[in-house]
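The structure presented is a predicted model; accordingly, all values stated were derived computationally and were not measured. Keep in mind that the numbers below use all heavy atoms, side chains included, and drop hydrogens, waters and symmetry copies.
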Amino acid sequence: MLPTYISFFPRTPSQLCKTSMAFYKIFRFIRNKSIDLVHTNDARMHITWAFPVKVSSVFHVWHQRTELAPSTIGNLAIRCADRIACISEFVLKSLPQHVKE
């Protein structure tokens, strides 16, 4: 069974533990199911799936539908995406500068 999503701001030790456990389960799931593409559609999904997808060498489409809140882990996770789709110019402007270049 796949893990529930982690919170967008994994600050507590339990959230860090969930993140580590989720990484392994998602990585195995991607490999076992021979997945070629992952599409994430929500901040919790982005954070939960970005790192195992990157390590799996699977294509990742990050679909940003809301303003992206500033976050260190969010800034790292968004670098893992192969493509980023934003629903508006407003949403695009909320992304870190390195993503818009």
Side-chain angles (χ1 to χ4, degrees):
M1 183 164 128
L2 288 177
T4 57
Y5 304 121
I6 63 167
S7 74
F8 192 60
F9 301 101
R11 293 184 176 128
T12 65
S14 69
Q15 286 290 10
L16 294 174
C17 183
K18 283 183 188 178
T19 303
S20 299
M21 290 171 47
F23 181 97
Y24 178 70
K25 288 179 181 180
I26 292 168
F27 178 80
R28 255 192 9 219
F29 178 80
I30 290 169
R31 290 292 183 201
N32 291 343
K33 300 294 183 183
S34 300
I35 292 172
D36 297 319
L37 171 79
V38 171
H39 169 260
T40 57
N41 193 20
D42 167 90
R44 293 168 302 155
M45 285 181 72
H46 300 324
I47 299 302
T48 305
W49 284 75
F51 302 108
V53 170
K54 184 67 170 181
V55 171
S56 300
S57 299
V58 171
F59 197 84
H60 180 199
V61 176
W62 176 301
H63 184 191
Q64 190 65 34
R65 298 178 296 118
T66 59
E67 182 178 19
L68 185 66
S71 153
T72 302
I73 194 161
N75 287 344
L76 291 172
I78 202 167
R79 289 177 183 264
C80 295
D82 294 293
R83 295 289 186 276
I84 300 164
C86 294
I87 65 161
S88 69
E89 191 70 29
F90 172 78
V91 171
L92 177 63
K93 287 179 182 176
S94 75
L95 300 184
Q97 187 60 37
H98 65 80
V99 174
K100 295 182 272 187
E101 296 171 348

Taking CG in N32 as the centre, count heavy atoms belonging to other residues, nucleotides or ligands within less than 6.0 Å. Is the count above 12?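 Yes, the 6.0 Å shell around CG holds more than 12 heavy atoms from other groups.
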
Quick one: [atom1] on [X] to [atom2] on [Y], what's the gap to the nearest 0.5 Å?
| X | Y | atom1 | atom2 | value |
| --- | --- | --- | --- | --- |
| I47 | I73 | CD1 | CD1 | 5.0 Å |
| C86 | E67 | SG | CD | 11.5 Å |
| L76 | F51 | CG | CZ | 5.5 Å |

Output the rest of the hydrophobic cluster of I87: all Ile, Leu, Val, Met, Phe, Trp and Tyr residues reachable through side-chain heavy-atom contacts under 4.5 Å, sorted by chain and number.
->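 Reading the cluster by chain and number, I87 sits alongside F90, V91.
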
**Prompt:** Taking only residues two or more places apart in sequence or in another chain, which ones pass side-chain hydrogen bond (donor to acceptor under 3.5 Å, both in side chains) with S56?
**Reply:**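 Scan of S56 (side-chain hydrogen bond (donor to acceptor under 3.5 Å, both in side chains), adjacent residues dropped) gives none.
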
With R65, which residues qualify under side-chain hydrogen bond (donor to acceptor under 3.5 Å, both in side chains), at least two apart?
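Partners of R65 by the side-chain hydrogen bond (donor to acceptor under 3.5 Å, both in side chains) criterion, ordered by chain and then number, come out as N41.
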
| Going through the checks in order, is the side chain to side chain contact (heavy atoms under 4.5 Å, CB included) test met by W49 and V58? | CA-CA 11 Å; W49 284 75; V58 171; over 6 Å; no

Open item on the list: For R79, give me all partners under side-chain contact (heavy atoms from CB on, under 4.5 Å), at least two apart in sequence or on another chain.
Closed with: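 R79 satisfies side-chain contact (heavy atoms from CB on, under 4.5 Å) with H98 once adjacent residues are dropped.
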
Who pairs with F59 by side-chain contact (heavy atoms from CB on, under 4.5 Å), at least two apart in sequence or on another chain?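 Applying side-chain contact (heavy atoms from CB on, under 4.5 Å) to F59 gives L37, V61, D82, R83.
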
Closest non-hydrogen atom pair between [X] and [Y], with its separation:
| X | Y | value |
| --- | --- | --- |
| L68 | S94 | N-OG, 2.8 Å |
| C80 | A50 | CB-O, 3.7 Å |
| W62 | A81 | CB-CB, 3.7 Å |

- Task: Report the residue from I26, T40, V53, D42 that forms a side chain to side chain contact (heavy atoms under 4.5 Å, CB included) with T48.
- Result: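 For T48, the side chain to side chain contact (heavy atoms under 4.5 Å, CB included) test succeeds with only one of I26, T40, V53, D42, which is I26.
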
Exercise. Parallel under 30°, tilted from 30 to 60°, perpendicular over 60°: which one fits the rings of F23 and F27?
Worked result: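 Parallel.
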
Original post:
Is there any ring-ring contact (aromatic ring centres under 6.0 Å, His included) pair reaching into residues 63-85, and which pairs are they, with sequence neighbours excluded?
Top reply: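 Of all non-adjacent pairs touching residues 63-85, those that pass ring-ring contact (aromatic ring centres under 6.0 Å, His included) are H39-H63.
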
